[in-house]
Amino acid sequence: MPLTAVLTGLGAYLPPRRVSNEELADRFDTTDEWITSRTGIRSRRWADPGTSTGDLAVEAGHRALKSAGVDPEPGAVDLVVLATTTPDHLCPATAPDVAARIGLTGAAAFDISAVCSGFVYALETAANAIGAGRARTALVIGAETYSTILNPADRTTSVIFGDGAGAVVLTAGDADRPGALHGFELGSDGTQKDVICIPAGGSRQRAALAEPAPGDEYFAMEGRKVFLSAVQRMSESSTALLDRIGWPVESVGHLVGHQANVRILRAVAEQLGIPAERAVVNLDQVGNTSAASIPIALADAAAASSLTVGERVLLTAFGGGLTWGSAALTWPDVVPA
Ligand code: UT7
């Protein structure tokens with residue numbers, strides 16, 4: 001009989017430097033009023049130069065292990081999966097270094113690249129390893145330093161994204177235990193790959209052969225197109241998952257969506273028929289942290305004790321690729337470290 005992955009630890013780490021809308025209004029042709037009304041974001045954190053995604057991931061990973069009561073030592077964790085769009089290097093993956101720095105040398109460790117949906121992809125990957133009996137304990141991290149890829153000439157993306165990391169520990173357990181993961185649904189549409197992309201730096205535009213066209217080394221997004229797809233795909237993916245696992249939408253206690261834009265979160269909740277006050281929102285303080293956004297939101301919600309142990313929780317995300325994904329779990333009995 002397949003085992004169930006149970007969320008047994010949660011942690012998040014944000015770099016200390018808080019960047020307010022007012023500070024950005026001094027640097028870009030923008031205003032606090034535009035940013036707040038169009039996105040809901042009031043401030044975000046940006047890592048100082050020299051701080052990498054891996055550095056943030058190590059902190060979040062340590063905190064999640066502490067929250068789970070797992071000592072960071074070789075053998076304690078079988079699998080480390082890191083979701084990120086901003087790895088420390090193109091090669092090798094960031095996860096093995098993060099695992100080693102946490103004290104988990106020897107664990108299987110790899111990165112997952114699904115942009116803002118990365119954490120849900122990573123969560124399903126780790127849960128499947130546990131379900132198949134290939135891992136007993138897994139550390140799943142979402143970590144980003146978007147400040148390193150933002151185009152200083154693009155006011156739209158520069159005001160949206162923030163840096164940070166969140167992590168969860170999954171342990172093999174029973175499906176009736178609070179924190180149990182009850183199902184996933186993932187999807188993609190590569191025909192829309194260009195609406196969120198970094199054109200240069202990969203094998204398509206090789207860095208060594210030519211100078212990239214101005215701006216091609218930075219993250220770019222067609223915001224309006226992405227907005228509409230995000231609402232549609234997150235709503236459809238959530239509905240497909242709830243139908244498959246037999247959870248009526250009224251039974252969902254809270255929706256924890258990818259923190260892209262408060263208008264997107266409200267629209268998804270409305271399409272699903274979930275009251276807006278049951279949609280967890282923390283983007284006002286952290287901005288869009290891409291693959292880190294759901295685990296940071298989970299850790300913030302746990303710290304605020306705003307969810308009830310055992311209640312049904314729906315996660316849903318959308319991002320470049322295009323990719324999307326949803327996950328269903330019951331709220332765990334954990335205190336974030
Ligand atoms: O996380 C991965 C997935 N990403 C997302 O889900 C993001 C989805 N997209 C969005 O959240 C929104 O589309 C944005 C927040 C990116 C943009 O909001 P919008 O309401 O779609 O604005 P828009 O792009 O249609 O631009 C409206 C106006 C434009 O001016 P005109 O053409 O109407 O004169 C923009 O030039 O707002 C202007 N604008 C700005 N003005 C002040 C764009 N960025 C800014 C800015 N400050 N920072």
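Whatever order the structure lists them in is the order used to number ligands and atoms, beginning at 1.
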Worksheet entry | H258 neighbourhood, listing ligand 1 atoms whose heavy-atom distance to it stays under 4.0 Å | 1 (O), 2 (C)

Worksheet item: Does the side chain of S188 come under 3.5 Å of the side chain of T323 through a donor N or O and an acceptor N or O?
Response: no

Response to the item:
Quick look: N261 vs ligand 1, heavy-atom contacts under 4.0 Å, and the answer is side chain

Worksheet item: Looking only at non-hydrogen atoms, which of E222, R224, K225 approaches atom 25 (O) of ligand 1 most closely?
Response: R224

Worksheet item: Within the structure, does at least one protein heavy atom fall under 4.0 Å of atom 37 (O) of ligand 1?
Response: yes

Worksheet entry | Donor-acceptor contact below 3.5 Å, side chain E311 vs main chain H254 | yes

Worksheet entry | T30 neighbourhood, listing ligand 1 atoms whose heavy-atom distance to it stays under 4.0 Å | 42 (C), 46 (C), 47 (N), 48 (N)

Fill in: Any donor-acceptor N/O pair, T157 side chain to L150 backbone, under 3.5 Å
no

Worksheet item: Can you tell which part of T156 has a heavy atom less than 4.0 Å from ligand 1: side chain, backbone, both or neither?
Response: both

Worksheet, complete the sentence: for atom 35 (C) of ligand 1, nearest protein heavy atom and its distance come out as R155 NH2, 3.8 Å

Practice prompt. Kindly write out the residues that satisfy ring pair (Phe, Tyr, Trp, His ring centres under 6.0 Å) with F161, not counting sequence neighbours, or none if the list is empty.
Written response: Y146, F219

Worksheet entry | Salt-bridge criterion met for D189 and R233 (N-O under 4.0 Å) | yes

Practice prompt. Consider only side-chain N and O atoms of S43 and S20, and report whether a donor and an acceptor are under 3.5 Å apart.
Written response: no

Fill in: Residue and atom name of the nearest protein heavy atom (relative to atom 28 (C) of ligand 1), distance in Å to one decimal
W34 NE1, 4.3 Å

Worksheet item: Which protein non-hydrogen atom lies closest to atom 3 (C) of ligand 1, naming both residue and atom, and how far is it?
Response: V226 CG1, 3.6 Å

Worksheet, complete the sentence: Any heavy atom of F227 under 4.0 Å from ligand 1? The part involved is both

Item to complete: Could you list the atoms of ligand 1 found under 4.0 angstrom from a heavy atom of I160?
Response: 15 (C), 16 (C)

Worksheet entry | Short side-chain donor-acceptor distance under 3.5 Å, T51 and D55 | no

Response to the item:
Heavy-atom nearest pair, R18 first then E23, reads O-OE1, 4.0 Å

Worksheet item: Which of the atoms in ligand 1, numbered in the order shown and given with their element, are less than 4.0 Å from a heavy-atom of V159?
Response: 48 (N)

Worksheet entry | Side-chain donor-acceptor pair present, R44, N288, cut-off under 3.5 Å | no

Worksheet entry | Pick from S158, S293, G223, S117: the one approaching atom 13 (O) of ligand 1 most closely through a non-hydrogen atom | G223

Practice prompt. For atom 21 (O) of ligand 1, decide whether some protein heavy-atom distance is shorter than 4.0 Å.
Written response: yes

Discussion item. Any side-chain to backbone donor/acceptor pair from T94 onto D88? Under 3.5 Å, distance only.
Written reply: yes

Practice prompt. Would you confirm whether any non-hydrogen atom of the protein falls under 4.0 Å from atom 6 (O) of ligand 1?
Written response: yes

Worksheet item: Does some non-hydrogen atom of the protein lie less than 4.0 angstrom from atom 30 (O) of ligand 1?
Response: no

Discussion item. Quick one about D163 and S147 (side-chain donor to acceptor, distance below 3.5 Å, no hydrogens or angles considered), yes or no?
Written reply: yes

Worksheet, complete the sentence: Numbered in order shown, the ligand 1 atoms found under 4.0 Å of a heavy atom of T39 are 15 (C)

Item to complete: Select one of side chain, backbone, both or neither to describe which atoms of T157 lie under 4.0 Å from any atom of ligand 1, heavy atoms only.
Response: neither

Worksheet item: Numbering the atoms of ligand 1 from 1, which are under 4.0 Å from a heavy atom of R38?
Response: 19 (P), 20 (O), 22 (O), 27 (C)

Practice prompt. Indicate yes or no: does an N/O atom of I35 lie under 3.5 Å from an N/O atom of ligand 1?
Written response: no

Response to the item:
Taking only non-hydrogen atoms of D29 and a 4.0 Å limit, the atoms of ligand 1 in range are 42 (C), 47 (N)

Item to complete: Check for a donor-acceptor pair, side chain of T145 on one end and backbone N or O of S52 on the other, with a separation under 3.5 Å.
Response: no

Item to complete: Using non-hydrogen atoms of the residue, decide whether V115 is closer than 4.0 angstrom to ligand 1.
Response: no

Discussion item. If the cut-off is 4.0 Å to any non-hydrogen atom of C116, which atoms of ligand 1 fall inside it?
Written reply: 1 (O), 2 (C)

Worksheet item: Any chance the side chains of E144 and T289 put a donor and an acceptor closer than 3.5 Å?
Response: no

Discussion item. Taking R38's backbone N and O only, do any of them form a donor-acceptor pair with N261's side chain (distance below 3.5 Å, no angle check)?
Written reply: yes

